[in-house]
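First the proteins, then the strands, lettered A, B, ... as listed; each starts at 1.
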Amino acid sequence: LDIWVYQLGWADGPYPPTHWETLHWLQDMGFRVNPEIGRYDGLEGVERHYHQWADRRHDLEYEIDGLVVKADPFQHYERLGVVGREPRWATAYKFPPIQATTKLLGIEINIGRTGTLNPYAVLEPVQVGGVTVSKATLHNEEDIRRKDVRVGDTVIVQRAGDVIPQVVGPVVSKRTGRVKVFVMPDRCPVCGTPVVRPEGEVMRYCPNPACPAQAFRWLTHFVSRGAMDIEGLGESWCYVLLEQGLVKNPADIYSLTKEQLVGLERMGEKSAENLLSAIEASKDRPLGRLIFALGIRHVGSEIAVLLASQFGSIDALARASVEELAAIPTVGPRIAESVHQYFRDASNLGVIEKLRRAGVRMAEEIAAAPPEGPLAGLRFVITGSLASMPRSKAEEFIRQLGGSASDSVTKKTDYVVVGESPGSKLRKAQQYGTRLLSEQEFLELLRQHGAI
DNA sequence: TCGTGTCTGCTTAGGAGCGT
DNA sequence: ACGCTCCTAAGCAGACACGA
């Protein structure tokens with residue numbers, strides 16, 4: 001009997017490790033497995049019904065041309081010798097990260113939204129775990145020093161959590177005399193301003209707020225999903241708008257006209273209309289989103305929502321003193337100072353004025369203390385992907401019911417929701433003995449409390 | 001109609017630094 | 001000391017629109 005195993009989303013290259021195991025496993029059971037046919041391309045009439053092993057004792061079930069193949073993942077993983085703490089049905093298996101060696105061609109610098117100089121490795125493209133890796137972050141100069149990687153080195157590359165490319169370190173035995181120690185630049189590679197490294201901090205900053213790189217990062221941050229969420233405006237268009245001088249700061253987006261947009265290369269009527277309506281729609285985002293979008297240092301999505309709920313308007317926030325700010329729980333002196341400073345800067349105030357004139361919502365009712373939901377006081381963490389909804393949606397539901405959703409597992413975490421291909425959070429949860437929830441159980445929980 | 005460019009959606013690691 | 005948030009990073013398929 002021939003079995004074709006079909007996995008969505010992997011058109012090329014090797015299968016994810018768990019999938020590989022499944023192939024072998026089916027083989028062991030006496031099926032002839034044809035992994036080559038199992039590619040995403042060109043497969044017709046093969047449907048995948050793939051119940052996750054995270055579901056308690058649920059069968060793994062493949063339907064192939066009307067033939068249903070069932071198997072028990074519990075036994076499968078047990079046979080592999082991969083048995084974690086209870087409940088064992090949630091144990092997933094991953095190979096250790098697959099590594100490869102390649103050449104470090106150079107180290108280049110990105111400028112972050114806050115002006116940080118972020119070095120990254122430019123690598124000779126290499127296949128690692130099924131994808132081509134050509135770049136990887138090096139975090140900062142200390143990290144480069146710790147790893148002691150030099151330009152020209154042969155380096156080991158892996159995919160952390162099987163996803164993110166990472167430089168592990170050099171293969172010192174392969175080092176030739178021609179390697180070069182990397183030196184962080186003294187000047188911003190984009191605007192040439194001498195960089196500063198505040199005492200006690202590890203990152204170097206470009207102190208020029210008008211640096212084009214920072215303007216670009218601010219703009220992309222402003223329009224991003226978590227902030228004002230302007231659909232259709234990605235990095236490329238941000239770049240074009242800045243380069244053409246149509247936009248100098250985020251507030252200028254709101255005075256773009258159709259004529260201006262249509263004049264751009266590869267921007268037609270349709271795109272221009274879509275973009276303008278997306279911009280229009282963004283005027284009504286919740287206050288927290290706007291505060292986040294302003295890009296104040298130390299104010300991310302969480303603190304922004306907190307500030308919105310405390311002050312209720314941009315004006316009230318702008319008037320707040322350092323003491324008032326620091327009096328808020330979880331806001332300390334650094335954050336308070338950062339916020340206060342932001343609203344003392346003339347150009348920032350100019351942007352805010354312009355946003356106001358454009359009709360961007362600047363205030364909202366201060367919500368009464370959030371009603372105590374059924375999940376009040378419970379901390380959730382999600383790992384892996386959920387089939388039924390994006391992670392952000394799941395987190396929204398959790399908050400709606402009064403729970404909190406964070407992204408690192410600690411001893412205080414109450415539940416870890418395990419989706420498909422979970423990462424290291426699952427390991428950590430097992431280590432702490434944190435209660436695990438399969439996607440089905442999670443959905444059941446939401447249903448119980450009427451969230452869905 | 002079709003090749004090409006752009007954006008979206010979806011994932012996780014981990015250093016740094018803040019708050020308590 | 002510990003927990004949490006901020007911030008950035010890479011990759012790829014697929015949807016959609018442009019423009020010839």
Side-chain angles (χ1 to χ4, degrees), chain A residues 8-13 16 40-41 97 110-114 116-121 123 125 128-140 142-143 146 157-167 198 200-203 217 220-221 223-226 229-240 262 264-275 278 292 295-304 306 326 328-338 379 381-386 389-392 404 406-413 419-426:
Chain A
L8 276 173
W10 287 75
D12 271 312
Y40 180 65
D41 285 335
N110 270 331
I111 307 292
R113 173 166 61 78
T114 51
T116 52
L117 273 64
N118 311 115
Y120 63 94
L123 305 162
V128 187
V131 304
T132 309
V133 169
S134 57
K135 286 182 231 164
T137 181
L138 289 171
H139 297 295
N140 55 57
E142 289 300 314
D143 197 40
R146 269 197 303 270
V157 177
Q158 69 179 13
R159 298 215 292 149
D162 292 341
V163 178
I164 308 293
Q166 188 180 51
V167 174
E201 290 194 27
V202 166
M203 306 303 283
R217 297 306 286 264
T220 54
H221 169 74
V223 304
S224 70
R225 171 155 310 280
D229 192 13
I230 300 180
E231 211 177 322
L233 189 49
E235 289 193 3
S236 300
W237 286 119
C238 284
Y239 185 81
V240 170
V262 172
L264 298 171
E265 190 96 358
R266 287 198 70 80
M267 173 75 79
E269 292 261 317
K270 176 89 174 157
S271 294
E273 276 165 22
N274 287 347
L275 184 51
F292 176 53
I296 305 167
R297 176 131 106 113
H298 302 312
V299 179
S301 53
E302 303 285 327
I303 305 283
L306 177 67
I328 301 169
T330 77
V331 175
R334 307 294 188 113
I335 296 177
E337 184 61 34
S338 173
R379 291 160 202 260
V381 172
I382 301 169
T383 180
S385 47
L386 304 179
M389 64 181 95
R391 181 182 298 205
S392 53
S404 74
S406 50
D407 48 32
S408 45
V409 176
T410 67
K411 285 176 227 152
K412 291 192 176 171
T413 307
E420 197 168 347
S421 1
S424 60
K425 289 174 218 163
L426 176 57

Tell me which nucleotide among C:dG11, B:dG19, B:dA16 gets nearest to the side chain of A:Asn140.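 Shortest atom-to-atom distance from the side chain points to B:dA16.
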Would you say [N] has OP1 or OP2 under 4.0 Å from some side-chain N or O of [X]?
X: A:Asn110; N: C:dT8; value: no
X: A:Arg334; N: C:dT5; value: no
X: A:Gln166; N: B:dG14; value: yes
X: A:Trp237; N: B:dC7; value: yes
X: A:Thr137; N: B:dA13; value: no
X: A:Asn118; N: C:dC7; value: no

Tell me what A:Glu337 touches on the nucleic acid: a base, only sugar-phosphate, or nothing, going by heavy atoms under 4.0 Å.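 Nothing, no heavy atom under 4.0 Å.
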Mapping A:His221 and A:Ala272 to their closest nucleotides on DNA chain C, which lands nearer the 5' end?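 Its nucleotide being nearer the 5' end, the pick is A:His221.
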Judged by each residue's nearest nucleotide on DNA chain C, which is more toward the 5′ side, A:Arg217 or A:Asn274?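 Nearest nucleotide further toward 5': that of A:Arg217.
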Between atom [atom1] in [X] and atom [atom2] in [N], what is the gap in whole Å?
X: A:Leu275; N: C:dC18; atom1: CG; atom2: P; result: 11 Å
X: A:Leu123; N: C:dA10; atom1: CG; atom2: P; result: 10 Å
X: A:Leu117; N: C:dC7; atom1: CG; atom2: C1'; result: 15 Å
X: A:Arg297; N: B:dG19; atom1: CZ; atom2: C1'; result: 16 Å
X: A:Leu138; N: C:dA9; atom1: CG; atom2: P; result: 12 Å
X: A:Ile296; N: B:dC18; atom1: CD1; atom2: P; result: 16 Å
X: A:Ile303; N: C:dG3; atom1: CD1; atom2: P; result: 18 Å
X: A:Glu269; N: C:dC18; atom1: CD; atom2: P; result: 9 Å

Please figure out whether A:His298 or A:Asp143 has its closest DNA chain B nucleotide nearer the 5' end.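 Final value for this comparison: A:Asp143.
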By nearest nucleotide on DNA chain B, pick out whichever of A:Glu142 and A:Asp229 is the more 5' one.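 Counting from the 5' end, the first nearest nucleotide belongs to A:Asp229.
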Return the CD1 to OG1 distance between A:Ile230 and A:Thr220, rounded to the nearest 0.5 Å.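 It is 11.5 Å, given to the nearest 0.5 Å.
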Which value, rounded to the nearest 0.5 Å, describes the distance between A:Cys238 atom SG and A:Arg217 atom CZ?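 One finds 11.0 Å between SG of A:Cys238 and CZ of A:Arg217.
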Can you tell me if A:His221 uses its side chain to pair, donor with acceptor, with the backbone of A:Phe292 under 3.5 Å?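 Judged by distance alone, yes, a pair lies under 3.5 Å.
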Full working for side-chain contact (heavy atoms from CB on, under 4.5 Å) between A:Val167 and A:Leu138: CA-CA 7 Å; A:Val167 174; A:Leu138 289 171; 4.1 Å; yes
Checking A:Arg297 now: which residues fulfil salt bridge (charged side-chain N to carboxylate O under 4.0 Å, His left out) with it, not counting sequence neighbours?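 By the salt bridge (charged side-chain N to carboxylate O under 4.0 Å, His left out) rule, A:Arg297 matches A:Glu201.
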